[in-house]
Amino acid sequence: MAAYPKCYLNEIVETQGKLFEYVADITPKVNVEDFINKYMMSKTRMYLDRADAYLSNLNTKELYDYFCQTENYIPKRGDGLDGFKPNWIGQFYAFYQWKNDTPSVAVIKK
């Protein structure tokens with residue numbers, strides 16, 4: 001059983017991958033792991049777990065800005081991730097969450 005209708009899957013998976021990559025690219029030495037953990041445990045991601053129509057249609061920057069504003073997130077300095085790793089992690093987590101009908105909070109705890 002999937003978490004939500006398949007029509008939202010590609011957009012959410014792709015956007016989450018791009019989001020994690022965007023965070024790694026916008027600020028040198030940003031702690032991407034901290035961002036991923038906070039994002040996956042956030043209300044923003046919980047709404048995406050339910051395929052919120054508004055959030056599901058935001059582009060990468062809009063989703064990042066929404067998350068930072070609504071969750072009061074401030075990027076922490078630390079080790080970054082390079083290359084395609086952040087994008088792959090984002091896509092994998094989103095697809096795994098959808099395919100296994102698992103809340104994002106549970107995925108990140110695994």
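Here the structure is a predicted model, which means the values were calculated and not measured.
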| query | So, do Tyr64 and Ile26 sit near enough that their side-chain heavy atoms are less than 4.5 Å apart? | reply | yes
| task | Identify the residue among Leu63, Leu55, Asn10 that makes a side chain to side chain contact (heavy atoms under 4.5 Å, CB included) with Thr15. | result | Leu63
| note | Between Gln97 and Ser104, the two heavy atoms sitting closest are CG-OG, 3.6 Å
| query | Ring centroid separation for Phe92 and Trp88, is it under 6.0 angstrom? | reply | yes
| task | Report the relative orientation of the aromatic rings in Phe20 and Phe35; use parallel for angles under 30°, tilted for 30 to 60°, perpendicular for over 60°. | result | perpendicular
| message | Give me each pair satisfying salt bridge (charged side-chain N to carboxylate O under 4.0 Å, His left out) with a member in residues 62-75, each pair once, sequence neighbours excluded. | response | Lys61-Asp65
| said: Within the 4.5 Å heavy-atom criterion, are Met41 and Ile108 side-chain neighbours or not? | reply: yes
| task | Decide yes or no for Leu48 and Tyr39: does some side-chain heavy atom of the first lie under 4.5 Å from some side-chain heavy atom of the second? | result | yes
| message | Side chains of Asp34 and Tyr73: any donor to acceptor distance under 3.5 Å? | response | yes
| Closest contact, heavy atoms only, Pro86 versus Ala24 | CG-CB, 3.8 Å
| field | Side chain to side chain, Trp98 and Val13, heavy atoms closer than 4.5 Å | value | no
| Taking the side chain as C-beta and beyond, is there a heavy-atom pair between Tyr93 and Ile36 under 4.5 Å? | yes
| said: Counting C-beta onward and ignoring hydrogens, is there a side-chain heavy-atom pair between Val107 and Met40 closer than 4.5 Å? | reply: yes
| query | Less than 4.5 Å apart, any side-chain heavy atom of Gln16 and any of Glu11? | reply | no
| Co-membership, hydrophobic cluster, residues Val32 and Ile74, 4.5 Å side-chain | no
| task | With the side chain counted from C-beta on, respond yes when Tyr96 and Lys110 share a heavy-atom pair under 4.5 Å apart, and no when they do not. | result | yes
| side-chain contact (heavy atoms from CB on, under 4.5 Å) evaluation trace for Phe67 with Leu19 | CA-CA 11 Å; Phe67 171 72; Leu19 176 66; over 6 Å; no
| said: Tell me which pairs pass salt bridge (charged side-chain N to carboxylate O under 4.0 Å, His left out) where either residue lies in residues 15-26, with sequence neighbours left out. | reply: Glu14-Lys18
